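Convention: sequence-line order gives letters A, B, ...; per-chain numbering from 1. Just so it is clear, the structure is predicted and the values come from calculations on it, not from any experiment.
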Amino acid sequence: MTAELFIQQKAAQAIKAIYGADVPEASLQVSVTRKEFEGDYTLVTFPLLKITHQAPDATGNAIGQWLVDNVPEIAAFNSVKGFLNLSFSALYWNECLQAIAEDASFGQLPSTGRKVMVEFSSPNTNKPLHLGHIRNNLLGDSVSRLLKACGNEVIKATLVNDRGVHICKSMYAWEKLFNGATPESTGKKGDHLVGDCYVAYAKLEKEHPEVLEDVHKMLVDWEKGDQHVRELWAMMNGWVYAGFDETYKALGISFDKVDYEHDTYLLGKELVQKGLDMGVFVKDPDGSVWCDLTADGLDRKLVLRGDGTSVYITQDLGTAERRFANYKLDSHVYVVGNEQDYHFQVLKLILGKLGFDWADQIYHLSYGMVELPEGKMKSREGTVVDADDLIQSMYEEAKKTSEESGKLADMDEKEKDALYHMIGLGALKYFIIKVDPKKTMLFNPKESIDFNGNTGPFIQYTHARICSILRKATVPYGPEDINASVEPSAKEIRLTQLLSLYPGKVAEAGAALSPAIIANYAYELAKEFNQYYHDTPILKEENEAVLKYRLELIDVLARTLRSAMKLLGIDLPERM
RNA sequence: GGUCCCGUAGCUCAGCUGGAUAGAGCAACAGCCUUCUAAGCUGUGGGUCACGCGUUCGAAUCGCGUCGGGAUCACCA
């Protein structure tokens, strides 16, 4: 039971005993005591005054006294205005910390038996990944880990937009302008080469608008299965996939299931017929099919063109149906930018109207744009922050900072290289993930991502510090060393309390689909440890019981930091 | 124009299921390395929580309105 629930339960008993009134436990407001006050948890007594008919202080004192007298775990109280601050006993905190220390999977919540698919990334194959994709990828990856920690079975999925007019544009430019250039012949990553083709096409079309007709013909040929166009398409997509794989690998991201739009773009047509049969859709005289959403405050939505071909939402309807059926999903999270809020609103509505009871188990993790100081990134203006470049520059930055510190002189090159990558990536990932997903965020390329303060490297550094102490320890230690022979200091209690909040944070972050909650928690924990580290000697402690207690405490801290950061896809080094 | 999201320190962000004097980091300034890693710690300055009205014992948080920024409302994806 969490401390909050425990206090709610006991306080309800106190109120019953003192005032003879029954109050629902859940209605009692309990929170962690603000640090400028004495105590661990605070019960807000304002709402109780109607029942107690006493002044706030008197009410707090009465309940506090009852709790101290009747609940062994509660050792002290003080009442300030309408706030009853309660302190747990040292014994309580020791038992709490010991239980955490003994729990090898602390932070992993019990199984829900639910199967969840998380779709993210879903790139187009006509240009390389940029910073916007990085936010998408990191959120998707992290939310997948979070949902797993919340006890769900998770399938990471992506849907590659590998067909359509956009890729034909790159194909057209390559044939006309690139003289058979390949990634091998140019030494370019395949996705970048194809991206160059796309840019070249845009320029070409500006000067010769008529080329668009040729591109459309290419798309028609593709749909007919024209051998030449299909071969060109397969070759260039192959280049792009190879390039993406490199970027994904550098980001530490993988998928369990990859769908390709050339396989899915015809899905959903039978749903259109079903909708017509059900009377959910209507057919206009020109043959186009619509869903009337005006009663839901939206417009009429096209679901099939007059010529019988699909639109975007048609295949999304079909893909969702196929996934829920094939994988027996309980829910489906789509990580897609907030410019598609309307699309997902419509998607859910239509699926509901088609009678799928899982329609309300579709969640759109709608995240905000990443903007530059001068505004949105625009590929036409060359202001796009390329994913590979950014990853590389973070690596360089990590290398530079590490070399300046000179702490790794004895480490071999291969190890150093891996470490620079870990730190650079940690800085980048944390920078992106610590921001509330739904908010637009700003990235300033001129100020490189910081390594000091509320950053990934700060937490990595904290972890390395703990590991350094543990390496030097000469006595064995373990959960059994958290025992009543040691009286924890105020700071140690504070650390224990913070640790105890972790599973609740995991649950909260999972429910909100917000890894930022975990990032901010990890920072708080690291910051708290650094203060502890600063004024509490550990290895120099002469009392062996206290020494062992502290070693075990910081070991649990290191484990919890690793666990939390792992949920963000960030690894922590033992040295840096 | 309709709908949705956002507006907190110079900058980047927490806090938002209503609670105590609104918090961090960066930047600025002042301290702390014969002591377990200074990518750290401590301190100073910095706020009309966009604005107004309302609900409440209590509002950055909830409601309504105004202003400002963004997204979206395609037989594009």
Side-chain angles (χ1 to χ4, degrees), chain A residues 29 31 33-37 42 44-47 49-50 56 80-83 85 122 124 161 163-166 261 265 284 286-290 297-299 301-307 309-313 315-316 337-343 345-346 366 368-369 371 373 375-376 398 401-402 404-405 407-408 423 427 431 434-436 438-444 447 449-462 464-473 508 516-517 519-520 523-524 526-527 529-541 550-551 554 575-576:
Chain A
Q29 297 176 45
S31 53
T33 302
R34 293 176 65 104
K35 63 170 177 250
E36 59 267 37
F37 296 95
T42 297
V44 184
T45 55
F46 281 112
L49 305 183
K50 290 191 279 293
V80 183
K81 292 191 268 180
F83 302 92
N85 301 316
S122 302
N124 290 333
N161 296 304
R163 69 133 238 128
V165 74
H166 54 85
E261 198 183 293
Y265 80 107
D284 274 10
D286 67 354
S288 58
V289 181
W290 300 78
L298 304 172
D299 297 320
K301 179 74 188 176
L302 180 83
V303 292
L304 200 68
R305 293 191 185 102
D307 63 7
T309 59
S310 306
V311 288
Y312 179 42
I313 199 156
Q315 68 156 314
D316 259 14
N338 62 11
E339 73 271 14
Q340 292 198 39
D341 285 356
Y342 179 76
H343 173 75
Q345 201 183 346
V346 169
S366 160
M369 300 285 104
E371 291 189 352
K376 290 178 66 176
T401 307
S402 278
E404 280 167 6
S405 84
K407 289 172 187 163
L408 306 173
I423 295 170
F431 177 82
K434 77 167 176 189
V435 180
D436 183 346
K438 71 176 183 226
K439 289 196 175 178
T440 303
M441 64 176 292
L442 191 127
F443 173 77
N444 188 346
E447 306 165 6
I449 293 173
D450 226 305
F451 283 21
N452 300 313
N454 188 356
T455 66
F458 169 85
I459 296 166
Q460 291 174 319
Y461 178 74
T462 304
R465 272 183 149 178
I466 296 176
C467 290
S468 172
I469 297 174
L470 296 178
R471 268 198 305 275
K472 290 175 184 165
E508 188 188 342
I517 291 169
N520 286 303
Y523 174 65
E524 209 182 334
K527 192 172 163 57
F529 167 78
N530 275 311
Q531 291 167 2
Y532 176 66
Y533 174 91
H534 185 260
D535 46 39
T536 311
I538 294 169
L539 292 173
K540 282 192 208 68
E541 175 58 44
R550 289 179 182 168
L551 288 170
I554 66 171
R575 293 180 56 190
M576 69 184 274

* Can you figure out which of B:U72, B:C13, B:C75 approaches the side chain of A:V435 most closely? => B:C13
Distance between [atom1] atoms of [N] and [M] (Å, rounded):
{"N": "B:U66", "M": "B:A22", "atom1": "C1'", "answer": "25 Å"}
{"N": "B:U37", "M": "B:C32", "atom1": "C1'", "answer": "16 Å"}
{"N": "B:C26", "M": "B:G19", "atom1": "C1'", "answer": "31 Å"}
{"N": "B:G45", "M": "B:A60", "atom1": "C1'", "answer": "23 Å"}

Atom [atom1] of [X] to atom [atom2] of [N]: distance rounded to whole Å?
{"X": "A:D341", "N": "B:G2", "atom1": "CG", "atom2": "P", "value": "19 Å"}
{"X": "A:Q29", "N": "B:U61", "atom1": "CD", "atom2": "C1'", "value": "13 Å"}
{"X": "A:L298", "N": "B:C73", "atom1": "CG", "atom2": "P", "value": "12 Å"}
{"X": "A:K376", "N": "B:G70", "atom1": "NZ", "atom2": "P", "value": "10 Å"}
{"X": "A:E508", "N": "B:G15", "atom1": "CD", "atom2": "P", "value": "9 Å"}

* Asked: Can you find a side-chain donor-acceptor pair between A:D341 and A:S366 that sits under 3.5 Å?
  ->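 There is such a pair between these side chains.
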Both distances under 3.5 Å, Watson-Crick or G-U wobble: report the partner of [N], or none.
{"N": "B:C26", "value": "B:G10"}
{"N": "B:U72", "value": "B:G2"}
{"N": "B:C33", "value": "none"}
{"N": "B:G18", "value": "none"}
{"N": "B:G45", "value": "none"}
{"N": "B:A60", "value": "none"}
{"N": "B:A50", "value": "B:U66"}

Regarding [X], tell me which of base, sugar-phosphate or nothing describes its non-hydrogen contacts under 4.0 Å with the strands shown.
{"X": "A:G306", "value": "base"}
{"X": "A:P56", "value": "nothing"}
{"X": "A:E447", "value": "nothing"}
{"X": "A:T309", "value": "nothing"}
{"X": "A:T536", "value": "base"}
{"X": "A:K439", "value": "base"}
{"X": "A:Y342", "value": "sugar-phosphate"}
{"X": "A:L442", "value": "sugar-phosphate"}
{"X": "A:D436", "value": "sugar-phosphate"}
{"X": "A:N85", "value": "base"}
{"X": "A:Y523", "value": "sugar-phosphate"}

Are there any protein N/O atoms within less than 3.5 Å of an N/O atom in nucleotides 38-40 of chain B, and if so, which ones and at what distance?
residue: B:A38; atom: OP2; partner: A:R465; partner atom: NH2; Å: 2.4
residue: B:A39; atom: OP1; partner: A:K407; partner atom: NZ; Å: 2.3
residue: B:A39; atom: OP1; partner: A:Y461; partner atom: OH; Å: 3.4
residue: B:A39; atom: O4'; partner: A:N452; partner atom: OD1; Å: 3.3
residue: B:A39; atom: O3'; partner: A:N452; partner atom: OD1; Å: 3.1
residue: B:A39; atom: N6; partner: A:S402; partner atom: OG; Å: 2.8
residue: B:G40; atom: OP1; partner: A:G453; partner atom: N; Å: 3.0
residue: B:G40; atom: OP2; partner: A:N452; partner atom: OD1; Å: 3.2
residue: B:G40; atom: O2'; partner: A:R465; partner atom: NH1; Å: 2.7

* To do: Using only heavy-atom distances, decide whether a donor-acceptor pair under 3.5 angstrom links the side-chain of A:T440 to the base of B:A71.
  => no
* Between A:H343 and A:Y312, what is the ring plane arrangement, given parallel below 30°, perpendicular above 60°, and tilted in between? -> parallel
